[in-house]
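The structure appears right after this line, and notes come after that.
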There are 2 protein chains.
Amino acid sequence: MEKEISQAVIRRMPRYYRYLGELLDAGTERISSNDLSKRMHVTASQIRQDLNNFGGFGQQGYGYNVKFLYEEIGKILGLNEKHNVVVIGVGHLGQAIANYSNFAGLGFEITGLFDVDPDVVGKEINGVTVHHIDDLEECLKDRNVDIAALTLPKSQAEKTARKLVELGVKGIWNFALVDLDELDDVTVENVHLSDTLMQLSYNITKKK
Amino acid sequence: MEKEISQAVIRRMPRYYRYLGELLDAGTERISSNDLSKRMHVTASQIRQDLNNFGGFGQQGYGYNVKFLYEEIGKILGLNEKHNVVVIGVGHLGQAIANYSNFAGLGFEITGLFDVDPDVVGKEINGVTVHHIDDLEECLKDRNVDIAALTLPKSQAEKTARKLVELGVKGIWNFALVDLDELDDVTVENVHLSDTLMQLSYNITKKK
DNA sequence: ATGTGTTTGTTAAATGTTTGACATACCCGA
DNA sequence: TCGGGTATGTCAAACATTTAACAAACACAT
């Protein structure tokens, strides 16, 4: 078995991907770890070390080919394959996610919206109809949905997450204020917005 | 000068705060680092180490008083003071933030909404009227706004952020897809949702 | 009041991450 | 084709974080 790559590295990959995308758009053909380090405000050493976890993408005396590296990082992040995403809980945040067009460009397609609120069920958001959560099983059948965004009250998060796992969902993008790390057979990415706001609050307060 | 506390520790504090809040609601009076570690799935050693960065909140042979510890962590995170927050960019995500009632309970009050879109300006969201961004200076005057949530296209993020800093904003909660780390005189907390989605994608893909 | 058991605060070891250094490989101009 | 310059990949050192271990302090039952 290959050696595990640390999450510290993985957290940085999307950022590399973003900067390389911008370089690509600007028509830049090659970039050295040194130049990239200046743009990104990280050390060149870290960039080389990070990339080398996945293979030798560069060339001595030349640097990295922007297009090639961009695509390779895309593959590493699984962006070469399309991901079908369902959003569970169509409140304001759920709607924001359903409407966020950037995701489509990264290969994430919103293929289903679910809620319990009769005022919301039946509505169409960004071209996708909101279904009742009781229809989850039927709607997901043979649809190859691998990611679910959970934007619902915490009281219902775990129960719903379990059901999603049963239905074959591989990843949960969890916005509910509970930690779902103890679930088996699924990868959870917790996004606790209020936590980041509190971090900001701490860092402001500290400076005073 | 006191020794700097690492961001690794700070990132965990909101989670402690959340668990303690739940214990408090459940009427629990005291908790040991050992019991808490089992609930939170972290080591007891880490809990004690983390808390001791800020002072000795516990007592040997007893553990920690839940209410006291909850309040102390609140103070550490700056939640004892009220924070006025403005949201710049009232798209779907901006509206989601404006409507998210949890923040109020933590001492964050949305006191202003701003956008450039004439279809949005003048609308009222969750009791707050949307103003045109040109009125920013006038609206912020003497209002003691210390946090701005930036939910606007990346092209305008940096320019707007600079203006906000000029107007006295101390913290930027940045949802725009640019890194604003190079700004002076302000604390930035970048929240790149698509980055977390890509991390999730990586972790799913890896397991296959 | 005393002694046993509990649990902290703290030190030191273990582990993980980041940075610096440099040999090696390759580009590119002449 | 050759040689100086450039930039990678990698190794080891420096630094940071996490875990384990334990003495000191206190609670609580008797």
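Lettering follows sequence order; numbering is per chain, from 1. No experiment lies behind these values; they were computed from the predicted model shown. Side chains included, hydrogens not; waters and symmetry mates left out as well; all remaining heavy atoms used.
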So if I take residues 7-16 of chain A and measure heavy-atom distances to DNA chain C, which residues fall below 4.0 Å?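 A:Arg12 - these, ordered by number, are the residues of the stretch whose heavy atoms sit under 4.0 Å from the strand.
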
Return the residues of residues 21-28 of chain A meeting this criterion: a heavy atom under 4.0 Å from some atom of DNA chain C. Order them by number, or give none.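 Within this stretch, nothing sits under 4.0 Å of the strand.
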
For B:Phe57 and B:Phe68, take the angle between the two ring planes, folded into 0 to 90°, and tell me which bin it lands in: parallel under 30, tilted 30 to 60, perpendicular over 60.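 Correct class here is perpendicular.
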
Going by distance alone, is a donor N or O of one side chain under 3.5 Å from an acceptor N or O of the other, for A:Asn203 and B:Gln7?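 Per modelled atom types, A:Asn203 and B:Gln7 side chains form a pair under 3.5 Å.
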
Please evaluate residues B:Asp179 and A:His41 with respect to the criterion side chain to side chain donor-acceptor pair (under 3.5 Å), reporting the C-alpha separation (whole Å), side-chain torsions for both, the decisive distance (0.1 Å), and the verdict. CA-CA 10 Å; B:Asp179 300 311; A:His41 300 109; over 6 Å; no

What salt bridge (charged side-chain N to carboxylate O under 4.0 Å, His left out) pairs are there with at least one residue in residues 38-58 of chain B, not counting sequence neighbours?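 Matches after skipping sequence neighbours: B:Arg12-B:Asp50.
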
Under 6.0 Å between the ring centres of A:Tyr100 and A:Phe103?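 When the ring centroids of A:Tyr100 and A:Phe103 are compared, they turn out to be within the sub-6.0 Å range.
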
How would you summarise protein contacts on nucleotides 4-12 of chain D per nucleotide, using B for base, S for sugar-phosphate only and - for none, with heavy-atom distances below 4.0 Å? --BBBBSBB

Let me see the working for B:Asp195 and A:Arg11 under salt bridge (Lys or Arg N to Asp or Glu O under 4.0 Å), right down to the final yes or no. CA-CA 8 Å; B:Asp195 286 13; A:Arg11 267 194 299 276; over 6 Å; no

Kindly say whether A:Asn144 contributes a backbone atom to a donor-acceptor pair with the side chain of A:Asn84 at under 3.5 angstrom?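 Side chain of A:Asn84 to backbone of A:Asn144: a pair is present.
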
State whether B:Glu158 and B:Arg162 are salt-bridged, where the test is any N-O pair (Lys NZ or Arg NE/NH1/NH2 against Asp/Glu carboxylate O) under 4.0 Å.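 So B:Glu158 pairs with B:Arg162 through a salt bridge.
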
Pick out which of B:Thr151, B:Val191, B:Leu180, B:Asp181 makes a side chain to side chain contact (heavy atoms under 4.5 Å, CB included) with B:Asn174.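 It is B:Leu180, the one option of B:Thr151, B:Val191, B:Leu180, B:Asp181 that forms the side chain to side chain contact (heavy atoms under 4.5 Å, CB included) with B:Asn174.
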
Who are the salt bridge (charged side-chain N to carboxylate O under 4.0 Å, His left out) partners of A:Lys163, not counting sequence neighbours?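 With neighbours one apart ignored, the set is empty.
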
What are the bounds, 5' to 3', of the part of DNA chain C that sits under 4.0 Å from heavy atoms of chain A?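 Answer, 5' to 3': C:dT17 to C:dC28.
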
Which distance, rounded to the nearest 0.5 Å, do you find between the CG of B:Leu152 and the CD1 of B:Ile133?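 B:Leu152 CG to B:Ile133 CD1: 6.5 Å, rounded to 0.5 Å.
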
Whole-Å gap separating P (D:dA21) and CD (B:Gln46):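 After rounding, the gap between these two atoms is 17 Å.
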
Has B:Arg30 got its NZ or CZ under 6.0 Å from the middle of the six-membered ring of B:Tyr64, at an angle within 45 degrees of the ring axis?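 Checked: cation-pi criterion not met.
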
